[in-house]
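Scroll down for the structure; my scribbles are underneath it.
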Amino acid sequence: MNAVLPIAREDLPVDAVALARFLLGKIVVRVWDEGSASGRIAETEAYLTGDEASHTFRGMTPRNRTMFGERGHAYVYLAYGTSFMLNVSSGAEGTGEGVLIRALEPITGLDLVKRNRGEAPIRDLMRGPGRLAKALGIDRRLDGVDLCEEGPLWLGSDGYTVPKIGVSVRIGISRDALRPLRFFIAGSRFVSGTVALNAAH
DNA sequence: AGTGCGATTGACT
DNA sequence: GTCAATCGCACTA
């Protein structure tokens with residue numbers, strides 16, 4: 001496997017849709033004292049300004065403030081009182097855009113991942129936003145972390161490029177539910193939900 | 001201060 | 001396929 005190198009902030013697309021596509025195939029790295037774990041991003045969703053489904057629709061609040069900050073930072077929140085969600089902030093500073101990471105293909109550190117997730121098929125360890133956060137031990141303490149620095153949580157690339165990107169509507173939202181803002185590695189077994197919708201490039 | 005509701009998951013019929 | 005768990009947050013008053 002090629003070396004995994006951090007991604008410079010200047011290389012991150014500013015636009016949330018462009019970033020959602022760019023992040024497919026990139027790698028999320030989690031670092032603890034005991035070791036590290038990583039996974040390749042298989043599925044993302046874009047949340048935009050003027051988007052009723054976005055937490056930022058009604059403006060900046062204590063919870064969503066990192067979405068309004070500099071791009072490339074982690075926005076982590078608790079959904080349904082049970083599952084943490086990992087997002088990458090995007091957009092120019094002052095705009096509340098971001099990309100939800102919905103699924104990863106496990107790559108390294110599976111022993112540490114299984115400690116967090118318990119026994120589960122490899123395919124299911126990080127398939128779903130709540131599952132991947134649990135697998136990597138991501139909670140609100142990581143909200144605001146700079147993903148462009150090699151800290152406890154960062155984004156890397158090993159040069160892999162996604163051959164074909166699939167597109168569909170977003171999962172689990174009720175408002176602004178029709179726009180094609182979900183992106184995934186076409187054909188990947190590590191994508192959540194129904195995979196076959198709207199294959200496109 | 002009270003209320004309603006999720007960017008989900010896992011267990012169960 | 002259905003459904004409860006669970007709690008922080010945003011909204012109303």
Side-chain angles (χ1 to χ4, degrees), chain A residues 15-24 28 39 41-69 71-91 95-106 113-145 147 153 155 166-185 189-198:
Chain A
D15 174 73
V17 170
L19 180 64
R21 290 173 168 275
F22 173 88
L23 287 177
L24 291 176
V28 175
I41 299 173
E43 180 184 355
T44 60
E45 283 179 356
Y47 287 84
L48 313 176
T49 53
D51 175 356
E52 284 191 277
S54 174
H55 288 174
T56 61
F57 182 66
R58 293 168 198 283
M60 186 158 62
T61 68
R63 175 174 63 157
N64 67 25
R65 72 193 145 73
T66 62
M67 289 265 274
F68 288 88
R71 72 186 187 277
H73 291 254
Y75 168 48
V76 180
Y77 70 91
L78 181 65
Y80 296 101
T82 55
S83 303
F84 288 100
M85 306 281 134
L86 171 64
N87 302 255
V88 181
S89 66
S90 68
T95 62
E97 298 188 358
V99 174
L100 171 67
I101 309 299
R102 286 195 59 88
L104 304 178
E105 172 184 348
V113 164
K114 286 178 179 174
R115 186 188 298 177
N116 292 325
R117 275 278 286 135
E119 285 301 322
I122 302 284
R123 176 173 184 251
D124 294 336
L125 285 176
M126 304 179 182
R127 190 166 60 86
R131 290 170 175 171
L132 75 88
K134 186 174 183 187
L136 296 179
I138 293 169
D139 62 27
R140 276 302 297 266
R141 288 173 295 188
L142 291 170
D143 183 50
V145 162
L147 299 172
L153 185 66
L155 285 170
V167 184
S168 84
V169 297
R170 293 174 293 184
I171 305 288
I173 58 170
S174 51
R175 294 164 298 177
D176 212 334
L178 298 181
R179 284 197 279 175
L181 293 175
R182 172 175 174 254
F183 306 92
F184 52 92
I185 298 177
R189 297 166 16 247
F190 299 94
V191 170
S192 75
T194 306
V195 177
L197 302 169
N198 298 336

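Both backbone and side-chain heavy atoms feed into the values below; hydrogens, waters and symmetry mates do not. As the structure is a computational prediction, the values presented were derived from the model and not from experiment. Residue numbering restarts at 1 for every chain, and letters A, B, ... go by the order of the sequence lines.
Nucleotide B/dA1: paired with C/dT12 (Watson-Crick or G-U wobble, both distances less than 3.5 Å).
The phosphate of C/dA10 (OP1 or OP2) has a side-chain N or O of A/R63 nearer than 4.0 angstrom. Checking the phosphate oxygens (OP1, OP2) of B/dT8, a side-chain nitrogen or oxygen of A/R102 falls inside 4.0 Å. Considering only side-chain N and O atoms, A/T61 lies under 4.0 angstrom from the phosphate OP1 or OP2 of C/dA10. Dashed line: the shortest gap from a side-chain N or O of A/R182 to OP1 or OP2 of B/dA7 is not under 4.0 Å. A close approach under 4.0 Å does not occur between any side-chain nitrogen or oxygen of A/H55 and OP1 or OP2 of C/dC9.
Using a 5.5 Å limit on the distance between ring centres and a 30° limit on the angle between planes, the aromatic ring of A/Y77 does not count as stacked on the six-membered base ring of C/dG8.
Not a single donor-acceptor contact under 3.5 angstrom links the side-chain atoms of A/Y80 to the base of B/dA7.
Looking at the side chain of A/P129, the nearest of the listed nucleotides B/dG10, B/dG6, B/dT9 is B/dT9. In the set B/dT8, B/dG10, C/dC11, B/dT8 carries the atom at the smallest distance from any side-chain atom of A/M85. Closest contact between the side chain of A/M67 and the listed nucleotides B/dT8, B/dG10, B/dA7 involves B/dA7. Nearest to the side chain of A/L78, among C/dC7, C/dT6, B/dA7, sits C/dC7. When the nucleotides C/dT6, B/dA7, B/dG10 are ranked by their closest atom to the side chain of A/L100, B/dA7 comes out on top. The listed nucleotides are B/dA7, C/dA10, B/dT9; the one nearest the side chain of A/R58 is C/dA10. Picking from B/dT9, B/dT8, C/dA10 the nucleotide with the shortest atom distance to the side chain of A/P62 gives C/dA10.
Under 4.0 Å is where a charged nitrogen must lie from a carboxylate oxygen, and between A/R175 and A/E52 no such pair does.
Nucleotide B/dA11 holds its P atom 12 Å from the CG atom of A/D124, rounded to whole Å. When the C1' atom of B/dA7 is taken as reference, atom CG of A/L132 falls 12 Å away, rounded to whole Å. Atom C1' of nucleotide B/dT8 and atom CZ of A/R170 are separated by 16 Å, given to the nearest angstrom. Put simply, CG on A/N87 is 11 Å from P on B/dT8, counting in whole angstrom units. Remark: P of C/dC9 and CG of A/N64 are 11 Å apart, rounded to the nearest angstrom. Between the CD atom of A/E119 and the P atom of B/dG10 there is a distance of 14 Å, given to the nearest Å. Atom CZ in A/R140 sits about 8 Å away from atom C1' in C/dG8, given to the nearest Å. A/E52 places its CD atom 16 Å from the C1' atom of B/dC5, with the value rounded to the nearest Å.
A/A103 and A/S192 get closest at one heavy-atom pair: CB-N, 4.3 Å. A pairwise comparison of heavy atoms in A/G118 and A/L125 identifies O-CD2, 4.3 Å as the closest pair.
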Between A/R21 and A/D15, is the salt bridge (Lys or Arg N to Asp or Glu O under 4.0 Å) condition met? List the steps. CA-CA 10 Å; A/R21 290 173 168 275; A/D15 174 73; over 6 Å; no
List the steps and the verdict of side-chain hydrogen bond (donor to acceptor under 3.5 Å, both in side chains) for A/S168 and A/R182. CA-CA 5 Å; A/S168 84; A/R182 172 175 174 254; 2.8 Å; yes
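Both A/G98 and A/K134 sit near DNA chain B, but only A/G98 has its closest nucleotide nearer the 5' end.
Contact annotation for A/A53: base contact, defined as any heavy-atom pair under 4.0 Å involving a base atom.
Looking at A/H55 and A/Y75, their side chains come closer than 4.5 Å, going by heavy atoms from C-beta outward.
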